[in-house]
Amino acid sequence: MPIVTMIEPIHVRRDLIRRSLVGASVVVLVALAGCSPDVVRAVPRPALAGHPHLIAAHQQVEMAMAQLATASNGDDGFGSHRARAQQLLRAAQAQIRDAAIYADRNP
């Protein structure tokens, strides 16, 4: 008895591929969310692509943030100073990204 296969229309295959890609993307994002910050940060930000010095600066800020996150100072902590430093480092990251975007738009 011959085996007969049914060929699906192209729009059905595209839909299947699209759903598979979305599903795979979700799996990757969930997996990355559970990774250590160093693994996730190894990938340069798209806005920084083509700006090696800005990438290096951004990575240095990320390393400083990681050090602050793991620092401990007994039971009383660092008061509000560590939190303020983290806030300022996040602002620095935003400024670095904005600098790259500005440079791309104003060659």
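With values rounded to the nearest 0.5 angstrom, Q67 atom CD is found 11.5 Å from L89 atom CG. Atoms CD and CZ, from Q95 and R97 in turn, are 9.5 Å apart once rounded to the nearest 0.5 Å. The CD atom of E62 sits 11.0 Å away from the CD1 atom of I55 when rounded to the nearest 0.5 Å. Between atom CD of residue Q93 and atom CG of residue L48 there is a gap of 9.5 Å, rounded to the nearest 0.5 Å.
Neither side chain, R90 nor Q87, offers a donor N or O lying under 3.5 Å from an acceptor on the other.
Taking each heavy atom of A47 and A100 in turn, the nearest pair found is O-CB, 3.2 Å. Considering all non-hydrogen atoms of both residues, L68 and A85 come closest at CD1-CB, 3.8 Å.
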| said: Please determine whether side chain to side chain contact (heavy atoms under 4.5 Å, CB included) holds for the pair H51 and I96, giving the CA-CA distance in whole Å, both sets of side-chain angles, and the decisive distance to 0.1 Å. | reply: CA-CA 10 Å; H51 302 283; I96 292 168; over 6 Å; no
